[in-house]
2 protein chains.
Amino acid sequence: MIDEFEKVISRLRKKGYVLSMPRMVIIKYLLSNKNHHTAESIHKAISKDYPSISVATIYNTLKLLTKEGFLKQLFIEGEKVFYDSTPGFHSHFICRICGKIKDVSEKPKKICKINGDRVEEVYVYYYGLCEECKKGRKN
Amino acid sequence: MIDEFEKVISRLRKKGYVLSMPRMVIIKYLLSNKNHHTAESIHKAISKDYPSISVATIYNTLKLLTKEGFLKQLFIEGEKVFYDSTPGFHSHFICRICGKIKDVSEKPKKICKINGDRVEEVYVYYYGLCEECKKGRKN
DNA sequence: GTTTATGCAAAAGTTTTGCAAACTA
DNA sequence: TAGTTTGCAAAACTTTTGCATAAAC
């Protein structure tokens, strides 16, 4: 089984991207934290070990990884952009109280055309009240 | 058939909101332009007839109308927040080339619970290439 | 007359940009 | 060495906020 990190960097190498240190650090971070991140949360986390990393580099690399299909951007109510590093089609549940984002596994919609328009990607967002908040726990 | 404007203002009145002039103007604008607006596009459009309107008022009123269920916010790739004044459940198709947003009529999903979390709203976004862009037209 | 909303301008917050210096291949 | 990328700081944008003034009830 091919290592995921190898897969990513071989793809980037193939495309001619420089395999710089900041990029490697960010990729490793994302691969070992399959979650929903913001540029800020990534910057904060990586800054602990590598204080010299800049926000601009975070944004540049996230854009690159999104373009190459390794990340997906999530656009969510009242929030900044989230980056999803979990591969494969899935939807998201967002709790309106605590803001938590949960993955929802779901069969990919096989729609490819709507009224003549070609559909390439489908995003489904469920908004509501999560179990924990309903029970009155703080989180 | 009850006039839509009447419906909105009677609801606002009932809730104790002041039926101010700027609010009436914004509501009338939204009712006669059932589309996908941004705060900026609304401000720009209304400013033509009422140059004294302020952005703060636009935002306040949009927030109010969203809270009262007359508008829905759309969170879309690389863009500011859009406000949808078309009532009833529907999804959206967004062209990645021209940015156009098209309504997609669809049966409302009747999901009310996922893994213990209570779902209150579902948003579906289809991203792709619209017919017009595929044909190579500029729009 | 009291309460609530408006308009202005400044602030806040996220993301982008420009450019010299540093790094990669 | 040639070509990218980085880091910094400033800029660009959208949205929010605070407060005196004005409008609505």
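Numbers restart at 1 for each chain; the letters A, B, ... are given by sequence-line order, proteins then strands. Every value quoted in this text rests on a predicted model; they were computed, and no experiment measured them.
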Looking at [options], which one has an atom nearest to any side-chain atom of [X]?
| X | options | answer |
| --- | --- | --- |
| Ala39(B) | dT16(C), dG7(D), dT15(D) | dT15(D) |
| Val18(A) | dT6(C), dT5(D), dT4(C) | dT5(D) |
| Glu40(A) | dT5(D), dT14(C), dT17(D) | dT14(C) |
| Ile53(B) | dT24(C), dG7(C), dT15(C) | dG7(C) |
| Lys63(B) | dT15(D), dT16(D), dT6(D) | dT16(D) |
| Asn60(B) | dT15(D), dT17(C), dT6(C) | dT6(C) |
| Thr57(A) | dG7(D), dT15(D), dT14(C) | dG7(D) |
| Ser54(A) | dG7(D), dT6(D), dA24(D) | dG7(D) |

- Face-on cation placement of Lys28(B) at Phe5(B) ring, 6.0 Å and 45° thresholds: yes
- Query: Do any side-chain nitrogens or oxygens of Ser20(B) fall under 4.0 Å of OP1 or OP2 in dA23(D)?
  - Reply: no
- Message: Please determine whether a side-chain nitrogen or oxygen atom of Tyr59(A) lies at a distance below 4.0 Å from atom OP1 or OP2 of dT15(C).
- Response: yes
Between [N] atom [atom2] and [X] atom [atom1], what is the distance in whole Å?
| X | N | atom1 | atom2 | result |
| --- | --- | --- | --- | --- |
| Leu64(A) | dT5(D) | CG | P | 8 Å |
| Leu62(A) | dT16(C) | CG | P | 10 Å |
| Ile58(B) | dA5(C) | CD1 | P | 16 Å |
| Glu77(B) | dT14(C) | CD | P | 20 Å |
| Ile42(B) | dT15(D) | CD1 | C1' | 14 Å |
| Lys80(B) | dT15(D) | NZ | P | 7 Å |
| Tyr83(B) | dT15(D) | OH | C1' | 8 Å |
| Ile9(B) | dA5(C) | CD1 | C1' | 17 Å |

- Taking the side chain as every heavy atom from C-beta outward, state whether Val124(A) and Tyr123(B) have any atom pair closer than 4.5 Å. no
- Name the nucleic acid region contacted by Val81(B), choosing base, sugar-phosphate or nothing; use a 4.0 angstrom heavy-atom cut-off, strictly under. sugar-phosphate
- Remember a base hit wins even if backbone is also touched, and classify Ser52(B) as base, sugar-phosphate or nothing at under 4.0 Å, heavy atoms. sugar-phosphate
- Message: Assess, by modelled atom type and distance only, whether the side chains of Glu68(B) and Tyr17(B) contain a donor and an acceptor separated by less than 3.5 Å.
- Response: yes
- May I ask you to check whether Phe82(A) and Phe75(A) place their ring centers less than 6.0 Å from one another? no
- Going through the distances and angles, do His37(B) and Tyr29(B) end up as a ring pair (Phe, Tyr, Trp, His ring centres under 6.0 Å)? CA-CA 11 Å; His37(B) 313 276; Tyr29(B) 174 77; 5.5 Å; yes
- Message: By nearest heavy atom, map Ala56(B) and Tyr17(B) onto DNA chain D; which one lands nearer the 5' end?
- Response: Ala56(B)
- Per nearest nucleotide of DNA chain D, the residue lying toward the 5' end, Thr38(B) or Arg13(B), is Thr38(B)
- Query: Checking Arg96(B) side chain against Tyr127(B) main chain: does a donor-acceptor pair fall under 3.5 Å?
  - Reply: no
